[in-house]
**Student:** 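Take a look at this one; I'll ask things after.
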Number of protein chains: 2
Amino acid sequence: MSLRHAVLGLLSEGPASGYDLMKLFDVSLSNTWPATQSQLYAELGKLADAGLVTVAAEGPRGRKEYAITEDGLAELRRWITDVEPTRVNRSDMLLRVFFLGRIPPERARAYLREQADLAAERLAHMEGIRPFVESGTDDLSRYGRIALEYGLRLSQVQREWAEWAESQIK
Amino acid sequence: MSLRHAVLGLLSEGPASGYDLMKLFDVSLSNTWPATQSQLYAELGKLADAGLVTVAAEGPRGRKEYAITEDGLAELRRWITDVEPTRVNRSDMLLRVFFLGRIPPERARAYLREQADLAAERLAHMEGIRPFVESGTDDLSRYGRIALEYGLRLSQVQREWAEWAESQIK
DNA sequence: CTCTTCATGTAAGAAGTTACATGATTTC
DNA sequence: GAAATCATGTAACTTCTTACATGAAGAG
């Protein structure tokens with residue numbers, strides 16, 4: 001149930017509406033835990049029912065500003081420290097690799113070349129946004145930078161691996 | 001719909017029953033695309049309805065041996081070459097990082113230390129199974145080794161990143 | 001007054017998880 | 001004869017995706 005905790009995490013920085021949260025997801029968690037609008041509103045409803053968040057204020061256009069409760073904060077902390085991250089992260093990019101023997105070698109190489117290029121693009125993109133996240137001094141920015149560094153290193157290794165893999169196919 | 005293609009991929013190596021496939025998933029795809037037994041049997045039924053596999057033989061205890069059809073093979077190839085791998089791979093390990101500011105620094109360091117240790121364990125485990133997969137000469141083994149190399153490099157970078165991240169927290 | 005942004009929701013379906021249920025065959 | 005392995009399935013529930021639906025408020 002990570003979406004729930006992603007929402008709690010964002011609300012732990014301060015109150016926000018579903019609309020605000022959607023934008024926050026897009027700028028901060030989109031590469032780690034993307035969420036759709038319908039999922040988000042549904043989750044906020046369940047979170048409120050469970051008493052982990054409350055509607056702290058209502059604004060124009062039916063805006064509901066949610067705030068995390070003490071119980072919600074406790075649940076967030078419990079999840080971070082006591083719940084083991086899932087071992088497996090599915091990758092349909094890697095799944096295809098197992099079956100590259102079913103297509104002609106030149107096609108298999110093209111597939112790996114493409115993955116190397118895509119990884120290089122992601123790398124360039126992240127390098128590009130780096131200067132814009134250097135400045136923030138709040139926790140989300142500080143730890144966001146650590147997460148960004150992970151993305152950078154991951155893309156790097158993906159690019160190198162894909163290039164190596166391409167060279168392995170005769 | 002990657003599960004479908006994982007099944008087609010395994011069947012492209014030769015006929016197998018649901019039970020056989022379950023074992024194959026466990027030894028080859030468990031870290032890339034795990035599947036549960038109930039998912040597998042349901043998918044085989046749908047695949048047969050769609051004409052992508054057929055029941056090639058029946059054995060004792062109601063055993064049904066499935067074989068991929070020409071349509072199934074075409075669909076597998078189409079998926080590998082024409083369908084873009086999904087951009088995002090969710091990681092609840094990384095999601096927690098964004099919210100480490102909500103727990104005391106020593107706890108945050110412990111979390112990252114734990115992730116470094118887990119990555120080191122995975123690395124050691126993969127190094128351990130490496131000799132056993134060196135030998136296979138079929139496509140699934142050859143490409144399985146390339147996938148294993150990915151796992152190795154990924155674990156390595158995860159370990160290094162987690163150690164670095166730990167050092168970043170004052 | 002028109003366009004953009006803000007704002008919340010519902011519905012249908014696909015995919016994944018967990019638990020239950022059953023029984024035949026082989027091995028020791 | 002008991003235990004392990006082989007073998008298939010169903011049911012309930014959670015999670016995620018895609019598409020639809022509606023409308024108020026602010027900016028120019």
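Everything quoted here is computed from the prediction, not taken from an experiment. Sequence lines set the chain letters: A, B, ... in the order given, protein chains first and strands last, and positions in each chain run from 1.
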**Student:** Quick one: A:Arg63 CZ to C:dT5 P, roughly how many Å, whole number?
**Tutor:**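 In whole Å, C:dT5 P lies 17 Å from A:Arg63 CZ.
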
**Student:** Under 3.5 Å, is there a donor-acceptor pair between the B:Gln39 and B:Glu43 side chains?
**Tutor:**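 Looking only at side-chain atoms, B:Glu43 and B:Gln39 do not form any donor-acceptor pair under 3.5 Å.
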
**Student:** Rounded off to whole Å, could you give me the CZ-to-C1' distance for the A:Arg87 and C:dG16 pair?
**Tutor:**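 Atom-to-atom, A:Arg87 to C:dG16, this comes out as 12 Å.
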
**Student:** Which part of the nucleic acid does A:Arg90 contact within heavy-atom distance under 4.0 Å: base, sugar-phosphate only, or nothing?
**Tutor:**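 The answer is sugar-phosphate, as A:Arg90 gets under 4.0 Å only of primed atoms, P, OP1 or OP2.
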
**Student:** Does a side-chain N-to-carboxylate-O contact under 4.0 Å join B:Asp138 and B:Arg142?
**Tutor:** no

**Student:** Checking all strands, does A:Ser17 fall into the base, sugar-phosphate, or nothing category for heavy-atom contacts under 4.0 angstrom?
**Tutor:**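 It contacts sugar-phosphate atoms only.
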
**Student:** Rounded to whole angstrom units, what separation is found between the CD atom of A:Glu43 and the P atom of C:dT8?
**Tutor:** 15 Å

**Student:** Inspect the surroundings of CZ in B:Arg109 and state if more than 12 heavy atoms from other residues, nucleotides or ligands are less than 6.0 Å away.
**Tutor:**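 Enclosed: over 12 neighbouring heavy atoms sit under 6.0 Å from CZ of B:Arg109.
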
**Student:** Does B:Arg61 make a side-chain N or O approach to OP1 or OP2 of D:dC6 shorter than 4.0 Å?
**Tutor:** no

**Student:** Rounded to the nearest Å, what distance is computed from the CG atom of residue A:Leu40 to the P atom of nucleotide C:dG9?
**Tutor:**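 Between P of C:dG9 and CG of A:Leu40: 11 Å.
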
**Student:** Would you say the side-chain atoms of B:Thr86 and A:Asp92 include a donor-acceptor pair closer than 3.5 Å?
**Tutor:** yes

**Student:** Side-chain N or O of B:Lys64 versus OP1/OP2 of D:dG9: is the shortest distance under 4.0 Å?
**Tutor:**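 Affirmative; the distance criterion is met.
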
**Student:** Rounding to an integer number of Å, can you tell me how far A:Met1 CE sits from D:dT15 P?
**Tutor:** 6 Å

**Student:** B:Asp49 has an atom CG; how far is it from atom P of C:dA14, in whole Å?
**Tutor:**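 Computing the B:Asp49:CG to C:dA14:P distance gives 14 Å.
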
**Student:** Compare side-chain N and O positions of B:Tyr41 against OP1 and OP2 of D:dG9 and report whether any pair is under 4.0 Å apart.
**Tutor:** no

**Student:** Hey, does B:Ser2 reach any base, or is it just sugar-phosphate, or nothing, if we go heavy atoms under 4.0 Å?
**Tutor:**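 Answer is nothing: B:Ser2 stays at 4.0 Å or more from every strand.
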
**Student:** Which whole-number value in Å describes the distance from B:Tyr19 OH to C:dT26 C1'?
**Tutor:**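 Answer to the nearest Å: 12 Å.
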
**Student:** Once you round it to whole Å, what is the distance between P of D:dT17 and CZ of A:Phe25?
**Tutor:**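 From A:Phe25 CZ to D:dT17 P: 12 Å.
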
**Student:** So, A:Gln158 versus B:Tyr150: side-chain donor-acceptor pair below 3.5 Å or not?
**Tutor:**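 Yes, a side-chain donor-acceptor pair sits under 3.5 Å.
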
**Student:** Would you mind telling me which residue lines up with the more 5' stretch of DNA chain D, A:Gln39 or B:Asp20, judged by nearest nucleotide?
**Tutor:**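 Mapping each residue to its closest nucleotide by heavy atoms, the 5'-most match is B:Asp20.
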
**Student:** Is a donor-acceptor contact shorter than 3.5 angstrom present between the side chain of A:Thr36 and the base of D:dT18?
**Tutor:** no

**Student:** Whether the side chain of A:Gln37 and the base of C:dT8 hold a donor-acceptor pair under 3.5 Å is what I'd like checked.
**Tutor:** yes

